[in-house]
Structure formats: structure tokens, C-alpha cells
Amino acid sequence: MTLMYKTIGLIGKPNHQGASATITALHNFLTDNGYVVLVERSVANFVDVESLTIESLTEIGEQADLAIVVGGDGYMLGAARVLSGYNVGVIGVNRGNLGFLTDLSPDDVIGPLTAILNGESRSEQRFIIEAEVYRHGKLKSANSAVNEAVLHAGKVANMIEFEVYIDDVFMFSQRSDGLIVSTPTGSTAYSMSAGGPILTPNLNALSLVPMFPHTLTSRPIVVDGDSEIKLILANENYENLQVSCDGHVILAVMPGDEVIIKKSPTTLRLIHPLNHDYFNVLRSKLSWGNKLY
């Protein structure tokens, strides 16, 4: 039988007993069934298998047809930012808390995974965003985000001043703790905690969610996903400003800098079981009520 996926990468949270056990079980299952298995370098030392093919995350992206990420959403985000640059499908096995991006349960992973490997699956493209920091017209730093890019001060409860432009059209000026620019994927993450809207993953949209604005009339707003969002930092700000990408990558920002946030040309290809239901995920993860009749 011809294998739909021939080379599979295993990625997981290092030094996590549950993740290591799941990766060990997956490695044994996949090799027994004729797949070429690549294990990401940072987790390889914690996998109880004698002979491993160890590769970096980038090398897995270059070689694998499918990547299985074992961990929580946070670890999934870190892997996804790299893997989005390659045409590799990504499946998540939940070893974290909520697990909006990790479909498979570690307690019942072999059956659903077997169905996926046999082609019984759904593929979904999720767009990601890029954040770029410009100083005096020159690019100083940049990175990508699957969930959100957040402009904020380096200190807690430190108000900052900035202007927001959409496609070079002035939108508003604001004094607040910062601004969250979220993708639909990130709408159930930090943005939701700040009172932002939940966006279904198929929407081509970005949400802008102010963080503790110094006005009662400031509200979240949703804009077209192809918009270019420009944030201009007032010169009166303190120097310790930052843009956080998915809460992991920090870009330093100075007063007077411009921050450009826009859709990335690369996308993340998520692989779901056939019975994947986004609204069921919301109901179960957010403890929404079931149907009454």
C-alpha cells in the first residue's frame, strides 16, 4: 500500500514526562508501520528509544510530509511559526491545558492518527501575521505570530501613547497599556482574555483589542485580514516598549518607532480528524452550555 505520508516529524515539549511518553509510543507505532520518523533535537534526549533520527525543527520542515507536535498550545505556537514556512501538515496532541490547536488526546491517539494517515482527515490553512519595527525608516527587527502581536510597555501598568493607521488611513490615537492585534486563531487566546471577539478560523480578519484604554468609548474592532496596520509610538513614551509575538518573541520598540503588522505570505497547514468540529471545541474548552432540546 502506498503511504500518504512517508516522512513524519515528532516534536514535543522537552523534559515533560507525558510528552516524552507519547512521543516514544508514536515513534514505535510509526516505525513499526514503515514510516520514516524524524525526532526534533530538543526532545530527543527524553525519548526512550535506542536508535533515533534526530533533526532540527527547520530540517523537519524541509524533509517531513507531516509533523506531530506533542504539548500545549504554547509549544504548538513555537513549532508552528517555523513550520508555517514549509508545506508540511501539522497535527497537535494535547499535553497542555486548554488545547485549542491540539486535536488529539494522548489517551487515545493511535486510532485517530491511523485514520489520518489513511487519508481520513481535513486540511485547514491558518494565516499568520508579521510584525516589523521601523526606526527612522529602517527595519530594525521583525518576527511572525500565529496568535497575536501585542504592543505593550516593558513594565506592568505603564500607560503608553500611540496612533493607529489602517492602510495609511488614520484610525485613532490612544493612551492605554497597549494593543493586541489578533488573528482568528489567536482570538481564543490573549485577545479573548482582554475582551476581544472570537473569530471563526475561516475568516480573513484581524481584531484590534485595546488593553485598559484611558477612555470608556474605546472598543475592540475587526478589520479586513489584508489590511496593513501601522502603530506610531509617541515621542513622549518611556523607552522600555515592546512588541510580543505569541508571548514568546520580544521585539524592542523605542519612542517614535513605527510598528507594521500585516498578513504573512506563509500559512500554517493544520490537519484535523474528519469529526473535527470547531464549535464543539469552543463548547468543551470554554464550558459553554449544551443544546437544551
Side-chain angles (χ1 to χ4, degrees), residues 4-9 11 57-58 60-94 98-104 112-113 115-132 142-149 180-192 196-208 222-229 245-246 248-249 261-282 285:
M4 183 174 182
Y5 303 100
K6 296 180 179 179
T7 303
I8 299 177
I11 303 158
L57 189 55
T58 299
I60 288 176
E62 292 171 342
Q63 301 176 43
D65 306 307
L66 183 71
I68 303 174
V69 182
V70 182
D73 279 349
Y75 202 79
M76 180 73 158
L77 291 174
R81 282 195 300 274
V82 177
L83 296 175
S84 64
Y86 306 91
N87 186 30
V88 53
V90 182
I91 304 172
V93 179
N94 188 20
L98 283 176
F100 280 99
L101 292 175
T102 48
D103 290 344
L104 304 186
L113 178 60
I116 289 172
L117 295 176
N118 289 333
E120 299 172 25
S121 64
R122 295 167 51 195
S123 178
E124 179 187 22
Q125 300 290 146
R126 299 280 186 98
F127 77 81
I128 66 176
I129 54 177
E130 296 177 342
E132 302 172 336
N143 216 295
S144 60
V146 179
N147 270 357
E148 73 278 309
I180 303 169
V181 179
S182 172
T183 67
T185 301
S187 68
T188 51
Y190 191 38
S191 171
M192 184 175 67
I198 295 177
L199 307 177
T200 55
N202 59 324
L203 286 177
N204 181 33
L206 292 168
S207 65
L208 281 65
V222 177
V223 300
D224 188 275
D226 293 318
S227 302
E228 180 182 274
I229 300 168
C245 298
D246 290 340
H248 293 280
V249 182
I261 301 171
K262 58 186 178 182
K263 184 189 290 186
S264 171
T266 63
T267 59
L268 172 64
R269 182 160 67 95
L270 291 179
I271 305 298
H272 300 292
L274 280 179
N275 63 354
H276 174 76
D277 179 348
Y278 179 72
F279 296 109
N280 183 56
V281 172
L282 291 182
K285 303 299 182 182

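Keep in mind that the numbers below use all heavy atoms, side chains included, and drop hydrogens, waters and symmetry copies. Numbering of residues begins at 1 and proceeds along the displayed sequence.
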* Asked: Looking at residues at least two apart in the chain, or sitting in another chain, which of them share a salt bridge (charged side-chain N to carboxylate O under 4.0 Å, His left out) with Glu228?
  -> none

* Under the salt bridge (charged side-chain N to carboxylate O under 4.0 Å, His left out) test, which residues partner Arg126, sequence neighbours left out? -> Glu124

* Note, Val93 side chain near Leu113 side chain (heavy atom, < 4.5 Å) -> no

* Locate the shortest heavy-atom distance separating Ser187 from Pro184; write the atom from each residue and the value. => OG-O, 2.7 Å

* ring-ring contact (aromatic ring centres under 6.0 Å, His included) partners for His248, two or more places apart -> none

* **Gly9 to Ala64 - nearest heavy-atom pair and separation** => N-CB, 3.9 Å

* **Nearest-0.5 Å distance, CD1 of residue Ile116 to CG of residue Leu104** => 5.0 Å

* To do: Heavy atoms only: give me the nearest Arg81-Ser144 pair and the separation to one decimal.
  => CD-O, 3.0 Å

* Do Tyr75 and Ile11 come close enough that some side-chain heavy atom pair is under 4.5 Å? -> yes

* Asked: Could you walk me through whether Tyr86 and Thr266 pass the side-chain contact (heavy atoms from CB on, under 4.5 Å) check?
  -> CA-CA 8 Å; Tyr86 306 91; Thr266 63; over 6 Å; no

* To do: Show your reasoning for whether side-chain contact (heavy atoms from CB on, under 4.5 Å) applies to Val281 and His276.
  => CA-CA 8 Å; Val281 172; His276 174 76; 3.9 Å; yes

* Any side-chain heavy atom of Arg269 within less than 4.5 Å of one from Leu83? -> no

* What distance separates Ile91 CD1 from Ile271 CD1, expressed to the nearest 0.5 Å? -> 6.5 Å

* **Sequence neighbours excluded, every pair satisfying salt bridge (charged side-chain N to carboxylate O under 4.0 Å, His left out) that has a member inside residues 199-208** => none

* Within the side chain of Ser227, is there an N or O that forms a donor-acceptor pair under 3.5 Å with the backbone of Ile229? -> no

* **Asn94 side-chain N/O to Thr102 backbone N/O, donor-acceptor pair under 3.5 Å** => no

* Structure fact -> Rounded to the nearest 0.5 Å, the OG atom of Ser121 sits from the CG atom of Leu270 at a distance of 11.5 Å

* Nearest atoms (heavy-atom pairs only) where Ala80 meets Val146 -> CB-CG2, 3.9 Å

* With Asp103, which residues qualify under side chain to side chain donor-acceptor pair (under 3.5 Å), at least two apart? -> His272

* Asked: Roughly how far, to the nearest 0.5 Å, is CE of Met192 from CD of Glu148?
  -> 11.5 Å

* **For Leu199 against Tyr278, the heavy-atom pair lying closest together** => O-OH, 3.6 Å

* Asked: So do Val222 and Pro197 actually touch side chain to side chain, heavy atoms under 4.5 Å?
  -> yes

* For Tyr5, does the OH atom have more than 12 heavy-atom neighbours from other residues, nucleotides or ligands under 6.0 Å away? -> yes

* Asked: Side-chain contact, heavy-atom cut-off 4.5 Å: Met4 with Leu66?
  -> no

* Show the numbers, then the answer: is there a side-chain contact (heavy atoms from CB on, under 4.5 Å) between Ile8 and Leu117? => CA-CA 10 Å; Ile8 299 177; Leu117 295 176; 3.7 Å; yes

* Show the numbers, then the answer: is there a side-chain contact (heavy atoms from CB on, under 4.5 Å) between Ile128 and Thr183? => CA-CA 7 Å; Ile128 66 176; Thr183 67; 5.7 Å; no

* To do: Starting at CG of Asn143, measure out to SG of Cys245 and round the result to the nearest 0.5 Å.
  => 5.0 Å

* CG/Asn147 to CG/Leu77 distance, rounded to the nearest 0.5 angstrom? -> 4.5 Å

* Are Leu268 and Thr185 side-chain neighbours, meaning at least one heavy-atom pair lies under 4.5 Å? -> no

* Asked: Which atom pair, heavy atoms only, marks the closest approach of Ile129 to Phe127?
  -> CG2-CE1, 4.1 Å

Got a list of side-chain donor-acceptor pairs under 3.5 Å for residues 201-208, not counting sequence neighbours?
residue, atom, partner, partner atom, Å
Asn202, OD1, Thr200, OG1, 2.8
Asn204, OD1, Lys263, NZ, 2.7
Asn204, ND2, Asp226, OD2, 3.2

* Contact check, side chains of Tyr190 and Asp246, non-hydrogen atoms, under 4.5 Å -> no

